[in-house]
Amino acid sequence: MVIIGVLVAMLINSVVNNTAFHWDTVGKYLFDRRLSAAALVTLELTVLAMFFGVLLGVILAMMRLSPNPILSSVAWVYLWVFRGTPVYTQLVFWGLISVIYPSFGLGIPFGPEFVSFQTQQVITFFVAAVIGLSLNESAYMAEIVRAGILSVSEGQTEAASALGMRRQQIMRRIVLPQAMRVIIPPTGNEVISMLKTTSLVVAVPLTTDLYSKSREIALSLFQPVPLLICAAIWYLAITSVLMVGQYYVERHFARGSQRELPPTPFQKVRRWFGGQRGQGQRAVPPMPLGGGGGERAGAGGG
Amino acid sequence: MSGTDEGGRVVTNAGAPAGAPRMVLAEGVHKRFGRLEVLKGIDLHVDRGEVMCVIGPSGSGKSTFLRCINHLEQINSGRLWVDGVLVGYRQRGDKLYELREADIAQQRLQVGMVFQHFNLFPHMTALGNIVEAPLRVKREPKKEVFDRARALLERVGLSGKEDAYPSQLSGGQQQRVAIARALAMRPKLMLFDEPTSALDPELVGEVLDVMRDLARDGMTMVVVTHEMGFAREVGDQLVFMDGGVVVEAGRPREVLADPQHERTRSFLSKVL
């Protein structure tokens with residue numbers, strides 16, 4: 001304990017008193033308009049990429065589990081390509097898409113086109129970054145969703161089919177809500193990982209995100225370290241907010257899996273203060289569950 | 001002989017008077033899992049309002065046969081009708097064609113099923129479990145469905161448990177909710193797959209009571225069970241299966257008191 005304490009104290013001392021960190025510059029630029037705007041871009045990229053990544057991931061997972069061999073092999077090849085190549089490479093590729101396909105249009109396959117677009121105008125660097133990040137993410141999400149679906153017991157599907165429900169309905173109403181408990185923790189990982197992966201969009205090249213912007217300011221000041229710290233603090237702050245969000249989403253999908261939900265930290269604090277006032281009384285009496293005594297026995301079979 | 005009209009409905013079938021098909025009719029039902037033959041030609045029938053109990057050692061094919069009745073398992077040969085309608089297939093000429101998913105789902109609306117491990121939906125309350133299929137599959141009016149669901153919960157002795165999640169209920173209570181869930185679809189036939197085998201001995205009675213009431217109200221039931229007392233008291237037919245064939249069938253009292261086959265005798269001597 002003492003050794004750890006001494007080491008921590010030494011570390012703090014070296015960080016605080018080392019002039020290379022330029023703490024005054026950190027304080028000056030942390031809330032700089034350019035940096036907060038860049039943080040917003042990073043957040044937008046994260047949210048959009050995760051949204052489309054999850055959506056496509058669910059579709060891919062269902063394709064992989066489909067009895068149709070064409071659907072499942074298409075999904076397999078997709079996963080093979082997008083998990084097997086670096087996301088940086090993929091981002092460079094999407095940045096170059098307008099070179100590969102200068103224009104695209106809607107029309108009859110191999111026939112006349114009705115409308116045509118200049119790729120460069122539609123697929124801006126921001127759009128290219130979202131596409132690149134989403135497609136890459138969907139390959140990972142597909143496996144997470146598949147694991148979730150497989151974790152739901154076969155009996156659930158059987159009971160639902162015996163009630164006359166159709167495959168899609170069973171998936172949406174019965175299997176996915178239960179799979180969520182398994183899906184959410186790794187998805188939280190993915191969101192946080194995505195937040196940081198957005199710093200690679202410079203490959204597109206998109207330079208309005210948090211990392212690129214902090215680099216830009218740092219280069220103009222000839223002080224790389226303090227701006228790096230500013231960016232790190234922003235990333236940390238956003239991650240913290242996301243983690244709180246994950247906690248509440250997990251709680252929501254824990255419905256029915258526990259007899260009584262554990263209190264949130266907020267409730268714990270309130271209960272603690274309430275308990276102090278109540279003098280020995282429990283602030284929130286536990287809900288009596290189940291009917292008579294000892295009736296919960298044998299519930300394990302379900 | 002039996003013939004079918006366009007919809008696959010049996011016009012007449014062997015032994016049954018025209019216009020009143022048997023509730024369940026199986027002819028030469030075979031089922032294989034890979035190379036393992038689980039059902040080796042089952043011929044059985046259940047009439048309207050009858051309770052048929054199926055007993056036999058594990059691996060005898062009794063659960064598989066039950067699951068064939070609502071096409072949870074596909075049969076490999078033979079024919080199976082529920083209320084005169086061919087289950088899971090359409091017959092054209094001599095050939096059988098498997099029905100589309102939507103048609104199979106449609107057929108299952110007529111048949112309720114209760115499982116050994118209850119298989120309640122854990123993320124829904126007791127009431128939610130019961131109203132799910134009537135609302136989402138049959139699209140019946142909300143108020144009617146909820147009223148019926150509450151009445152069913154009361155019927156199985158669980159009023160007051162509407163908002164309880166399955167994990168908050170005992171095994172016996174869960175199984176009774178599962179029975180109410182099946183009844184909410186107003187089936188004409190109920191299948192029970194060892195409904196009390198996963199229960200603590202002291203909880204078996206409450207589930208059997210509900211089933212006994214159901215039989216008394218005239219529900220047609222096929223019950224795979226190890227409860228000989230229930231079979232004797234409630235069953236109209238008792239079927240003993242072993243090795244994928246029906247070894248012996250008859251009135252429960254007669255089969256239990258005076259089994260004709262050596263295999264039945266040795267099985268009963270172990271379980272009674």
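Residue numbers begin at 1 in each chain, while the letters A, B, ... track the order of the sequences. Everything quoted here is computed from the prediction, not taken from an experiment.
- Crowding of B:Lys142 atom NZ: a count of heavy atoms from other residues, nucleotides or ligands under 6.0 Å not exceeding 12.
- With hydrogens and angles ignored, the 3.5 Å screen pairs a side-chain donor or acceptor of A:Gln156 with a backbone N or O of B:Leu120.
- Nearest heavy-atom pair, B:Asn70 versus A:Ala162, reported as atom, atom and distance to 0.1 Å: ND2-CB, 3.9 Å.
- Among all heavy-atom pairs drawn from B:Ala105 and A:Gly164, the shortest one is CB-O, 3.4 Å.
- Counting non-hydrogen atoms of other residues, nucleotides and ligands closer than 6.0 Å to OH of A:Tyr247 gives a total above 12.
- Within 6.0 Å of atom CG in B:Leu36, more than 12 heavy atoms from other residues, nucleotides or ligands are found, so the atom counts as buried in its surroundings.
- When side chains are defined from C-beta on, A:Arg181 does not count as touching B:His123, because their heavy atoms never get closer than 4.5 Å.
- Within the 4.5 Å cutoff, the side chain of B:Met124 has heavy atoms near those of the A:Arg173 side chain.
- When the shell of 6.0 Å around CD of B:Glu154 is examined, it contains 12 or fewer heavy atoms from other residues, nucleotides or ligands.
- The shortest heavy-atom contact between B:Phe115 and A:Ala159 is CE1-CA, 3.6 Å.
- Both the backbone and the side chain of B:Val137 have a heavy atom closer than 4.5 Å to some heavy atom of chain A.
- Atom CZ of B:Arg32 is surrounded by 12 or fewer heavy atoms from other residues, nucleotides or ligands within 6.0 Å.
- Contact of B:Ala102 with chain A is made through backbone and side chain together, with heavy-atom distances under 4.5 Å.
- Residues A:Leu163 and B:Arg181 have side chains in contact (heavy-atom distance under 4.5 Å, counting atoms from C-beta outward).
- Residue A:Ile174 holds its CD1 atom at 9.5 Å from CZ of B:Arg136, rounded to the nearest 0.5 Å.
- Between B:Glu101 and A:Arg167 there is no salt bridge, since none of the side-chain N atoms of the basic residue sits less than 4.0 Å from a carboxylate O of the acidic one.
- For chain A, the option among B:Met185, B:Gln106, B:Glu132, B:Met113 with the highest count of heavy-atom pairs below 4.5 Å is B:Glu132.
- Distance check, rounded to the nearest 0.5 Å: CD of A:Glu158 to NE2 of B:His117 gives 11.0 Å.
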